[in-house]
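So you know, we letter chains A, B, ... as the sequences are listed, proteins then strands, and number each from 1.
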Amino acid sequence: MKDTLISLLKQTVESMQANNTLPADLQPDIQLSSTKDPSHGDFATNLAMMLAKPAGKNPREMATLIIDNIPANDLLDNVDIAGPGFINFFIRSGSTLSIVQNIIDQAEQFGLSEYGKGKKIQVEFVSANPTGPLHVGHGRGAAYGATVADFYQAIGYQVHREYYVNDAGRQMDILATSIWLRYLEKCGIDFDFPVNGYKGDYVYDIATEIEAEYADKFVFSRDELISDIPADEPHGGDKELHIDALITRAKTLLGDEHYRTVFDSGLNTIIGDIRDDLKHFGVEYQDWYSERTLEDRQLVSQAIERLEKAGHIYQKDGALWFRSTDFGDEKDRVVKRDNGQTTYFASDIAYHMEKIERGYDIVIDVWGADHHGYVPRVRAALQALGDDADKLKVLLVQFANLFRGGEKVQMSTRSGSFVTLRELREEVGNDAARFFYVMRKCEQHLDFDLDLAKSQSNDNPVYYIQYAHARVCSVLRQLKEKNLTHDISNGQLNIGLLTEPHESALIKKLNQYADTLETAALKTEPHLMVHYLRELASELHTYYNAHQFIVDDASVRDARLNLIIACRQVIANGLKLLGVSAPEVM
RNA sequence: GCGCCUGUAGCUCAGAUGGAUAGAGUGUUGCCCUCCGAAGGCAAAGGUCACAGGUUCGACUCCUGUCAGGCGCGCCA
């Protein structure tokens, strides 16, 4: 509909250029928008105002000329000039009504498009360190990333969802050591647990499992454990040095094989838990990509070599540095430390290099906003490697602050004091959680008030939309109770009877769904769909209150029922994309 | 200090590429169930779009500066 109108306007401009009403070299970007006010018609364009200046005419005069040059067509009922020079288009009512039948015919397929056909896109999201359960902050990334991915898929892109598992590095060593220490405690060894260790309950659980399976196989004496270990912070020492010494001690005492056993049991338990958690949240991945495999495949050293060959690496203070300042970063970055170990950044270079090489048209990273300083250096690395850095799109998600009893909940993974995603889901439900997380633009801070979500869950906006869906289902149940049937083809035959303002408004809204979906996908702003669905539900509720659907006249009845089941379908389709259910009864 | 994000109704937030009278929810105040689910609808009230300049036919939107809040600036991950 919109596209047809735009091409009509293109023809208009061309014919005006042919008859010299317009300069021939003008290539106007034709903008057509849906109107908010019905008195402005169905669509409006500012074309006349944009063309007025180059053509040396005033906008309203230009508008008249444009209207005179619009080719004959059966789409438009009327065209008006309004305000400073807007051209308002009134679509012939019959042509907008066909949307109802389209929706009914296409059902859950309705609104999907092939916009991105043949294009591959990769979305990496959550990717939280597997050092503990997901918390509410991760939940936002999960809901947002999953929704962005699903939206792209809905407009025809081939989507690959990926979780980057940081299964290498110091944080994981701290976790493994924490588990082992808890295990030692359970086995009766007496010592002070390091302040820098992971203190969550899940650490005990994993330790318990290890004890159950391996009994005292990994037990060492107190002396073996703590001799020559530098003091922890409460005893006037340095907590970082203390934990690092304990890690080294764990590796020495346990030996590679046993250390790996403890390490992997922690990793596997936690990743399994995360995977399970996300699955219940309606979030599934095509790939769980292991950081360790990067090293196994020597991709990290390959990436550094490539940078070196390209002349972007230098040595200083015994370390290898990437000259990222050549590509707009604020300072150069170390890729290999003086102790010979590569940095986390080096792994990330390798990972992004490999992602780009996999041949995606777009590579999307969903990151917490606290990583924003990291964007320029990753982009710099891709440029230095000669890869197309424009393919990388980093979406930064601001923090979700949790409020309980009016107080901001302080969260720290290390101390174990945080609300998990699982707890949140159990408290407010998956539907409300998924919905709330994407209700706001991602760069907007999100205040998640737990008390409000719990105590007033009936006021949840998600219920308003779900209720509209359930209401239509209820009408159809009523119909059955009255021993009436709904004849869809009779409804279509009489669809022209839908002339009430409320009906026209609904039909106009239904016509906007596909466009909303496409915009929301391309802008990676699923909240646009949230707002659309709220508006659609609102108009459906209004219609419900203003008119009776189950009326004696079968022609009107069937036509109206066609309209409301079309609305129900669109609500269901939209909610599904958001990962929210569309219940028939509430 | 430098960089990124944010500042719109009492509160929480929408306002894509500059466009018509800046919109919702919530809260406040009135109405509407002999009628398909009142988890609903209708209406009222509520605004210096942080502030000051600039660009133009036109600025919440773009530019510059100021103020306020959040976050980030490791040979951590």
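Both A:Tyr467 and A:Leu528 lie near RNA chain B, and the one whose nearest nucleotide falls closer to the 5' end is A:Leu528.
For B:C73, the paired nucleotide is B:G1, the pair qualifying as Watson-Crick or G-U wobble because both relevant distances are below 3.5 Å. Under the Watson-Crick or G-U wobble criterion, with both distances below 3.5 Å, B:C62 is paired with B:G54. As the counterpart of B:G37, no nucleotide is assigned, since no Watson-Crick or G-U wobble pattern has both distances under 3.5 Å. Checking B:A44 for Watson-Crick or G-U wobble geometry (two distances, each under 3.5 Å) identifies B:U28 as its partner. In this entry B:C13 has B:G23 as its Watson-Crick or G-U wobble partner, both defining distances falling under 3.5 Å. Shown here, B:A68 forms a base pair with B:U6; the pair counts as Watson-Crick or G-U wobble because both key distances fall under 3.5 Å.
A side-chain N or O of A:Asp558 and one of A:Asn490 form a donor-acceptor pair less than 3.5 Å apart. With no hydrogens or angles considered, no side-chain donor-acceptor pair links A:Glu124 and A:Tyr289 at under 3.5 Å. Checking A:His445 against A:Arg440 by side-chain atom types alone, no donor-acceptor pair falls below 3.5 Å. No side-chain N or O of A:Gln171 forms a donor-acceptor pair with one of A:Tyr344 less than 3.5 Å apart. Side chains of A:Asp365 and A:His371: a donor-acceptor N/O pair is absent below 3.5 angstrom, by distance only. Judged purely by distance below 3.5 Å, without hydrogens or angles, the side chains of A:Glu518 and A:Tyr115 never pair a donor atom with an acceptor atom.
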**OP:** Could you check A:Phe549 against A:Tyr543 for ring pair (Phe, Tyr, Trp, His ring centres under 6.0 Å), going step by step and ending with a plain yes or no?
**Re:** CA-CA 9 Å; A:Phe549 307 147; A:Tyr543 182 40; 4.8 Å; yes
Original post:
Stepwise, does the side chain to side chain donor-acceptor pair (under 3.5 Å) test hold for A:Arg471 with A:His541?
Top reply: CA-CA 9 Å; A:Arg471 222 174 191 183; A:His541 286 310; 2.9 Å; yes
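B:C4 and B:G47 have their C1' atoms separated by 29 Å, with the value rounded to a whole Å. Using P as the reference atom, B:U61 and B:C49 are 10 Å apart when rounded to the nearest Å. B:A9 and B:G23 are spaced 10 Å apart, taking the C1' atom of each and rounding to whole Å. Nucleotides B:A38 and B:C33, compared at atom P, are 12 Å apart to the nearest Å. When the C1' atom is used for both B:U64 and B:A59, the distance is 15 Å, rounded to whole Å. Between B:A50 and B:G69, the distance separating the two C1' atoms is 11 Å to the nearest Å. A distance of about 16 Å separates the P atoms of B:C67 and B:C51, rounded to the whole Å. B:G25 and B:A14 are spaced 16 Å apart, taking the P atom of each and rounding to whole Å.
Between A:Leu540 atom CG and B:G37 atom C1' the separation is 13 Å, expressed in whole Å. The separation between A:Met439 atom CE and B:G25 atom P is 13 Å, rounded to whole Å. With rounding to whole Å, A:His469 atom NE2 is found 17 Å from B:G40 atom P. In this structure, CG of A:Asp515 is placed 14 Å from P of B:A16, rounded to the nearest angstrom. Per the geometry, CG belonging to A:Leu396 stands 14 Å off C1' belonging to B:G70, to the nearest Å. For the pair A:Glu539 CD and B:G25 P, the computed distance is 12 Å after rounding to whole Å. Between the CZ atom of A:Phe436 and the C1' atom of B:U26 there is a distance of 11 Å, given to the nearest Å. The CD atom of A:Glu525 sits 12 Å away from the C1' atom of B:U17 (whole-angstrom rounding).
For A:Ala44, counting side-chain heavy atoms from C-beta on, the closest listed nucleotide (B:A20, B:G37, B:C36) is B:A20. Checking B:G37, B:U12, B:C36 against the side-chain heavy atoms of A:Arg440 singles out B:U12 as nearest.
Between A:Tyr437 and A:Tyr144, the gap from one ring centroid to the other reaches at least 6.0 Å.
RNA chain B is contacted by A:Val475, A:Arg477, A:Gln478 of residues 475-487 of chain A, taking any non-hydrogen atom closer than 4.0 Å.
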Between the protein and nucleotides 73-77 of chain B, which nitrogen or oxygen pairs come in under 3.5 angstrom?
| from | atom 1 | to | atom 2 | distance (Å) |
| --- | --- | --- | --- | --- |
| B:C73 | O3' | A:Lys331 | NZ | 3.4 |
| B:C73 | O2' | A:Glu330 | OE2 | 3.2 |
| B:G74 | OP2 | A:Lys331 | NZ | 3.4 |
| B:C75 | O2 | A:Asp338 | N | 2.9 |
| B:C75 | O2 | A:Asp338 | OD1 | 3.1 |
| B:C75 | N4 | A:Asp317 | O | 2.9 |
| B:C76 | OP2 | A:Arg337 | NE | 3.3 |
| B:C76 | OP2 | A:Arg337 | NH1 | 2.9 |
| B:A77 | OP1 | A:Arg337 | NH2 | 2.6 |
| B:A77 | OP2 | A:Tyr344 | N | 3.4 |
| B:A77 | O2' | A:Asn129 | ND2 | 3.0 |

Look for any protein N or O under 3.5 Å of an N or O in nucleotides 5-7 of chain B and output each such pair with its distance, or none.
| from | atom 1 | to | atom 2 | distance (Å) |
| --- | --- | --- | --- | --- |
| B:C5 | O2' | A:Gln398 | NE2 | 3.3 |
| B:C5 | O2' | A:Glu443 | O | 3.1 |

Original post:
Reading nucleotides 41-47 of chain B 5' to 3', which nucleotides get B (base under 4.0 Å from a protein heavy atom), which S (sugar-phosphate only), which -?
Top reply: SS-----
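Between the side chain of A:Ser581 and the main chain of A:Pro583, no donor-acceptor pair closer than 3.5 Å is present.
Listed by chain and number, the residues in a side-chain contact (heavy atoms from CB on, under 4.5 Å) with A:Asn339 are A:Arg337, A:Gln341 (sequence neighbours excluded). Among residues two or more places apart in sequence or in another chain, the side-chain contact (heavy atoms from CB on, under 4.5 Å) test is passed with A:Leu497 by A:Asn494, A:Ser555, A:Val556.
Taking the ring centre of A:Phe327 as origin, the terminal cationic atom of A:Arg379 falls outside the region bounded by 6.0 Å and 45° from the ring axis.
Ring planes of A:His352 and A:Trp367: perpendicular class, angle over 60° (limits at 30 and 60°).
Counting any heavy atom pair closer than 4.0 Å across all strands shown, A:Asp329 reaches no nucleic acid atom. Among the protein residues, A:Val530 comes within range of no part of the nucleic acid, since none of its heavy atoms lies under 4.0 Å from any strand. A:His547 comes within 4.0 angstrom of a nucleotide base, judged by non-hydrogen atoms across all strands.
Contact detail for A:Ala559 and A:Leu498: the closest heavy-atom pair is O-CD1, 3.8 Å. Nearest heavy atoms, A:Ile349 versus A:Ala381: CG1-CB, 3.7 Å.
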